[in-house]
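The model shown is predicted, which means the values in this text are computed figures rather than measured ones. Residue numbers count from 1 along this sequence. Just the heavy atoms: all of them, side chains too, but no hydrogens, waters or symmetry mates, feed the values below.
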Amino acid sequence: MEPMNSNLENSPNDHTRAASFRRAVLRGLGVVLPPLLTIVVLIWAWSTIETYILRPIESGIRHSIVLSISPSKTYSNVPADAMPLAIGTPRLNGFTYKGTTFIPVQAGRRFIPDYVKRLVDEKTDYFGPDSPAPVSANSYWHRYVQLEFMPRSIVVPVFLIVFTTVLYFLGRMFTFGLGRWFVHSFDRAISRIPVVNKIYGSVKQVTDFAFSDREIEFNRVVAIQYPREGIWSLGFVTGNSMREIAEATGEQMLSVLMPTSPMPMTGFTVTVKKSEAIDLDLTIDEAIQFVVSCGVVVPPQQQRVVNAVARPGVQPPNLTTGGEETSGPTPQTQS
């Protein structure tokens with residue numbers, strides 16, 4: 001007997017189930033990726049701010065506090081009038097001076113207050129398991145200052161308040177007058193530096209588009225035939241065009257910003273007749289999503305499928321009865 005054909009096992013149902021599985025996985029990715037990528041971007045932004053702004057500022061303030069309090073409370077030699085911790089014990093094991101108990105660190109070469117060492121040793125978990133144990137008087141003082149005066153529960157909220165306030169005043173300062181002139185001068189200076197000007201220009205375009213108040217106000221979203229007749233492109237109406245062009249054409253003209261995918265902030269402007277622009281049922285945000293996604297993200301109200309297109313002399317199908325389209329001329333009703 002001939003063996004059964006193994007191809008029979010790959011029935012259409014198997015292919016259908018595999019396709020259904022792939023679609024379900026892709027839909028799941030579509031649901032999970034947007035919030036996940038949003039969280040990743042926010043974490044990256046905060047990590048960048050913390051690494052290059054918060055930590056240097058925090059380290060500088062901590063160093064200043066340590067320098068202001070540690071010299072008067074750290075001894076390299078036992079003072080002459082210091083008392084031992086217990087009768088009969090050497091003062092190198094610790095001593096009391098001016099009402100404060102001092103204990104040795106750094107193999108007895110430095111003496112720091114007992115409360116400093118005790119607090120740091122009790123809260124070693126605060127600095128993480130990978131953080132090395134302090135061995136010098138300076139490291140003990142830095143950790144003590146961080147625990148006592150600059151815990152993260154206070155530093156982070158204060159930093160965010162101060163950082164936001166500084167951004168507010170910088171925004172106000174560099175929006176008008178001398179500040180605005182300074183920003184433009186800085187941009188021109190950067191634009192003259194090779195390589196750097198390319199990176200700076202691209203980053204500035206993105207930040208201006210994302211964070212700045214756009215000086216160009218989009219009135220509505222339209223579709224025009226561009227770059228040639230029969231090809232439709234999406235654009236933003238920014239206003240009426242120049243008077244001379246309207247007088248030459250004898251019709252009202254529109255200025256339309258044509259965004260480019262996937263970076264809509266790098267578009268260009270065209271002038272078209274008002275009668276040649278079709279208004280679209282889209283918000284500005286929906287249109288930007290459409291452009292950024294290269295046409296993949298289509299708003300729900302624009303996902304209607306056109307079952308028939310009216311053509312001269314052609315009768316559209318009867319959608320209610322499921323009739324087929326006829327290609328002959330439309331029958332005339334006898335009066």
Side-chain angles (χ1 to χ4, degrees), residues 33-74 76 103 105-107 109-175 179 182-183 186-187 189-190 193 195-212:
L33 282 181
L36 182 62
L37 292 178
T38 301
I39 295 173
V40 169
V41 171
L42 292 177
I43 293 176
W44 171 83
W46 169 249
S47 177
T48 302
I49 294 173
E50 183 181 24
T51 301
Y52 297 102
I53 299 179
L54 174 57
R55 288 184 180 176
I57 295 175
E58 184 182 12
S59 178
I61 296 175
R62 189 170 62 249
H63 273 83
S64 300
I65 297 176
V66 170
L67 289 176
S68 65
I69 64 176
S70 64
S72 61
K73 295 184 179 181
T74 302
S76 56
I103 55 178
V105 293
Q106 290 182 244
R109 293 196 299 269
R110 293 288 188 274
F111 297 88
I112 63 174
D114 175 70
Y115 60 84
V116 173
K117 188 175 187 301
R118 185 171 61 251
L119 178 65
V120 174
D121 291 341
E122 288 176 354
K123 296 187 176 182
T124 55
D125 295 339
Y126 179 86
F127 302 95
D130 297 331
S131 179
V135 292
S136 65
N138 188 57
S139 60
Y140 269 102
W141 275 112
H142 273 270
R143 293 199 174 187
Y144 174 77
V145 169
Q146 187 172 353
L147 290 169
E148 188 69 15
F149 303 108
M150 301 178 63
R152 301 294 289 180
S153 59
I154 296 177
V155 170
V156 173
V158 171
F159 169 76
L160 291 176
I161 294 173
V162 174
F163 186 65
T164 305
T165 304
V166 171
L167 290 180
Y168 170 78
F169 283 107
L170 287 177
R172 299 284 295 180
M173 181 186 305
F174 292 114
T175 302
F182 175 80
V183 172
F186 179 79
D187 290 343
I190 292 295
I193 303 176
V195 181
V196 176
N197 57 358
K198 303 298 183 182
I199 302 174
Y200 179 80
S202 300
V203 173
K204 185 171 177 58
Q205 285 182 345
V206 174
T207 54
D208 286 346
F209 185 80
F211 301 112
S212 301

*Does Gln106 use its side chain to pair, donor to acceptor, with the backbone of Ala137 at less than 3.5 Å?*
yes
*asked:* Contact between Asn138 and Thr74 at the side-chain level, heavy atoms closer than 4.5 Å - yes or no?
replied: no
Extract all donor-acceptor atom pairs below 3.5 Å that involve side chains of residues 156-164 and protein atoms in other chains or at least two apart in sequence.
| unit_1 | atom_1 | unit_2 | atom_2 | d |
| --- | --- | --- | --- | --- |
| Thr164 | OG1 | Leu160 | O | 2.7 |

_To check you understand the geometry: which heavy-atom pair defines the closest contact between Val120 and Leu147, and what is its length?_
CA-CD1, 4.1 Å
_Value rounded to 0.5 Å, distance of CZ in Arg118 from NZ in Lys123_ = 12.0 Å
_Separation between OG1 of Thr124 and CG of Leu119, rounded to the nearest 0.5 Å_ = 11.0 Å
*asked:* With a 4.5 Å cut-off on side-chain heavy atoms, are Ile69 and Val145 touching?
replied: yes
*Do Phe169 and Thr165 have side-chain heavy atoms sitting under 4.5 Å apart?*
yes
_Test of understanding: with side chain to side chain donor-acceptor pair (under 3.5 Å), list the residues that count as partners of Ser131, not counting sequence neighbours._
Arg143
*asked:* Enumerate the ring-ring contact (aromatic ring centres under 6.0 Å, His included) contacts for residues 131-151, please, sequence neighbours excluded, ordered by first and then second residue.
replied: His63-His142, Tyr115-Tyr144, Trp141-Tyr144
_Taking every non-hydrogen atom, the tightest pair across Asn197 and Ile190_ = CB-O, 3.4 Å
*Answer whether the closest heavy-atom distance between the side chains of Lys73 and Val116 falls below 4.5 Å.*
no
_Any residue meeting side chain to side chain donor-acceptor pair (under 3.5 Å) with Tyr126, in chain and number order, not counting sequence neighbours_ = none
*Where is the tightest heavy-atom contact between Thr38 and Pro34, given as atom of each residue plus distance?*
OG1-O, 2.7 Å
*What's the spacing between Asp187 CG and Phe182 CZ if we round to 0.5 Å?*
10.0 Å
*With sequence neighbours left out, write down each residue that passes side chain to side chain donor-acceptor pair (under 3.5 Å) with Glu58, or none if nothing qualifies.*
Arg152
_Between Ser47 (side chain only) and Trp44 (backbone N and O only), is there a donor and an acceptor less than 3.5 Å apart?_
no
_side-chain contact (heavy atoms from CB on, under 4.5 Å) involving Ser139 - partner list, sequence neighbours excluded_ = Pro134, Ser136
